[in-house]
2 protein chains.
Amino acid sequence: MGHTTIKDVAQKAEVSIATVSRVLNELDNVSPATRQKVLDACDELGYSPNMQAKRLKLGFTNSIAAVMPFLTLPSIVERLRGVQATLAESEYDLFPFSVENPEERDQYLERLANRSLADGVLIISMPISSEQVARFRRIDMPVVLIDSFQPGCSRVFTDDVLGGKMATEHLLDLGHRRIGFLSDHLDLPMQFSSTRDRFQGYRLALEENGIPFDPAYQKQGPHGREAARAMALELLTTNGRPTAIFAASDTQAIGVLDAARELDLSVPDELSVVGYDDIRDAEYVHLTTIRQPLFDTGKIGGKILIEQIAQGCLDEQEALLPLSIITRSTTAPSLRS
Amino acid sequence: MGHTTIKDVAQKAEVSIATVSRVLNELDNVSPATRQKVLDACDELGYSPNMQAKRLKLGFTNSIAAVMPFLTLPSIVERLRGVQATLAESEYDLFPFSVENPEERDQYLERLANRSLADGVLIISMPISSEQVARFRRIDMPVVLIDSFQPGCSRVFTDDVLGGKMATEHLLDLGHRRIGFLSDHLDLPMQFSSTRDRFQGYRLALEENGIPFDPAYQKQGPHGREAARAMALELLTTNGRPTAIFAASDTQAIGVLDAARELDLSVPDELSVVGYDDIRDAEYVHLTTIRQPLFDTGKIGGKILIEQIAQGCLDEQEALLPLSIITRSTTAPSLRS
DNA sequence: TTGAAAGCGCTAACAC
DNA sequence: GTGTTAGCGCTTTCAA
């Protein structure tokens, strides 16, 4: 029997398929009576148009793809929400592709370089090679990078080095001198370069204040609250333990708070903690943190992409979004005499 | 300039489009020499086939859609991984749709009831109405439910009432009599009926052991670790506080552990805690919990769906998956004298 | 205001 | 082993 087609509707409504198409696409050169007949027929038959045919004819898909790592990370989810906020106001559908390893990423990116699958693609918090970019350019497919970088691509980003500096300087200003840095792995294949950048900001701030970097105060490990807790436990049970810890993400900072509680270290009196991102839970636990406009990166990234699709012009756009420090109650002046 | 088409490739390779199609679809009635010519031409032109056209012609999409709530929940992610594991071995693409409210859900379900968008659909941990099922049936589109129920649909599920009973009985066996129950809201529109079922299992176990249900020992609230922590704090600071708490999810159980630590209540000596799901973090924090085969539900659900698509037959299948209790170190005998 | 018909890029008979 | 061609369901000129 196959699916109901525009032909069936036309037959039932006793009009031509062209007329049905007009009604469905809300063109106004159709008489009210005819329109009603068509609408009724659609209803009765439970008709819904074949999108493949429509897209084949039209030459575009009205959809955009978003490739990102680990859809479970709160920061990624928040960016995606921003994208959706933009797309909700447009006619575009969003197809998210969550990848868990570099092979998967490369595979998706290769397949997505196909005009019949999406009108444009968003890359979120993921490195992408120049060859991969080239493949998209070759078929005139717009790509915008969110929290990532590759020459020749539009992008929306924040200055992670600056963010790392801001966090560290906040602690320095409070008189802290033994400041720990805790993060996920600094050199993994799917690595967000942002973690490295934040670390660099941390080191820059120390340097500018004449404090030598002490590797004993730095820990890296798997991402996640529990892993961070374990690392913080180590960091805090050594001699000359840090009086403050800057964690490269809020999730990890919350793990640090767990560890402090476990060690009966009062925060912020005996330990100051600053996070990064300002995810929802940060407010909940009163975490001092660097706020980056996660939602807005998605929103603006989506907007730029849609513009580029509409205009068919691929000139590079860059949007640098501002950072701010949110001072809550996990940081206080150092108590050293 | 438009996209490169099969025609361009044919021209370049000096063969007919049929031959190109044969090469691309790996049919073997093509001479090696011709095949190579075609492959070269594809390469040079950077050709990739128009999927819309292919699908229009073929009449199916080779893709399946999965609709689920909040892609951030660890349990949902784990189920989805199972689905992906099945699909990875097939030719099907997976398109996840994460919905955040009932309106979004209804909207997606309505749009997805269209054979040109997917060959089948998976509904994960989400209630679906009989009208919605009817719409899919009407167009012969297979639907399989994972952790959900609606007459006339295939599904893979576990017995949540039993799970709730198992958890509670474990605590009863340890001698606990004041047992708290903590969960997300029991009657929300997007409600997983599973939470209600677990609650029912809890009540059944109490009843069968002659213990009256005391509403003071039950708390419900928003989902999430922090919210659970807050609820547990309330539960544990009243007179005659429970000696054990059964949390309807591991995430919430971990929130209970947070609260216990905060109150300096030793677990399991002064408080026993049991969770539900056995997500990864459960092992990390040594949580006693009801393990449900999250990954397998996805895997099997995907398999059933693919079968139904292949056979074109929609006879209802049901797969009831087993539960087990994983005893770790958050539960111990009650200390009451 | 409506209908006839061309054609989007592809696959699969069917011919040779 | 290879080419010709009909047609998937739709939109959109062009004519009426």
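Numbers restart at 1 for each chain; the letters A, B, ... are given by sequence-line order, proteins then strands.
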Exercise. Under 3.5 Å, is there a donor-acceptor pair between the side chain of B:Gln150 and the main chain of B:Ile128?
Worked result: yes
Problem set entry | For chain A, the stretch of DNA chain C it reaches, first to last nucleotide, under 4.0 Å of its heavy atoms | C:dT1 to C:dG9
Exercise. For A:Leu56 and D:dT11, what is the distance between atoms CG and C1' respectively, to the nearest whole Å?
Worked result: 11 Å
Exercise. When rounded to the nearest 0.5 angstrom, what distance separates CE in A:Met51 from CG in A:Leu56?
Worked result: 12.5 Å
Exercise. Near A:Glu26 CD, under 6.0 Å, is it more than 12 heavy atoms from other residues, nucleotides or ligands?
Worked result: no
For this session: Look at B:Thr34 and D:dT2 and indicate whether a side-chain polar atom (N or O) is within less than 4.0 Å of OP1 or OP2.
Result: yes
For this session: Choose from D:dG3, D:dT11, D:dT13 the nucleotide whose nearest atom is closest to any side-chain atom of A:Arg22.
Result: D:dT13
Problem set entry | Listed partners of B:Glu307 passing salt bridge (Lys or Arg N to Asp or Glu O under 4.0 Å), at least two apart | none
Exercise. Does the side chain of B:Ser75 come under 3.5 Å of the side chain of B:Glu78 through a donor N or O and an acceptor N or O?
Worked result: no
Exercise. How close or far is atom P of D:dT11 from atom CD of A:Glu26, stated in whole angstroms?
Worked result: 12 Å
For this session: Verify the neighbour count for atom CZ of A:Arg111: are there more than 12 heavy atoms of other residues, nucleotides or ligands below 6.0 Å?
Result: no
Seminar exercise, completed: Here the distance between atom P of D:dT11 and atom CG of A:Leu27, to the nearest Å, is 9 Å
Exercise. Heavy atom of residues 44-53 of chain A under 4.0 Å from DNA chain D: which residues?
Worked result: A:Tyr47, A:Pro49, A:Asn50, A:Ala53
For this session: Provide, to the nearest angstrom, the distance between the CG atom belonging to B:Asn29 and the C1' atom belonging to D:dG3.
Result: 12 Å
Exercise. Given that B:Leu58 and B:Thr19 both sit by DNA chain D, which one's nearest nucleotide is further toward the 5' end?
Worked result: B:Thr19
Problem set entry | Greater than 12 external heavy atoms within 6.0 Å of A:Arg280's CZ | no
Exercise. Less than 3.5 Å between a donor and an acceptor, one on the side chain of B:Arg55 and one on the base of D:dG9, is that the case here?
Worked result: no
Exercise. Between D:dG9 atom C1' and B:Phe60 atom CZ, what is the distance in whole Å?
Worked result: 16 Å
Exercise. B:Ser31 side chain N/O closer than 4.0 Å to the phosphate oxygens (OP1, OP2) of D:dT2?
Worked result: yes
Exercise. When you measure from the side chain of B:Val15, which nucleotide among D:dG9, D:dG3, D:dG1 comes out closest?
Worked result: D:dG3
Problem set entry | Salt-bridge criterion met for B:Asp296 and B:Arg79 (N-O under 4.0 Å) | no
For this session: Write down the distance between CD1 (B:Ile6) and P (D:dT4), rounded to a whole number of angstrom.
Result: 14 Å
Exercise. Any idea which of D:dC8, D:dG3, D:dG9 is nearest the B:Lys57 side chain?
Worked result: D:dC8
Exercise. When you look at CD of B:Glu91, are more than 12 heavy atoms from neighbouring residues, nucleotides or ligands closer to it than 6.0 Å?
Worked result: no
Seminar exercise, completed: From CG of A:Asn62 across to P of D:dT11 the rounded distance in Å is 12 Å
Problem set entry | Within 6.0 Å of NZ in B:Lys303, more than 12 heavy atoms from elsewhere | no
Exercise. Within the structure, does a side-chain N or O atom of A:Asn25 lie under 4.0 Å from either OP1 or OP2 of D:dT11?
Worked result: yes
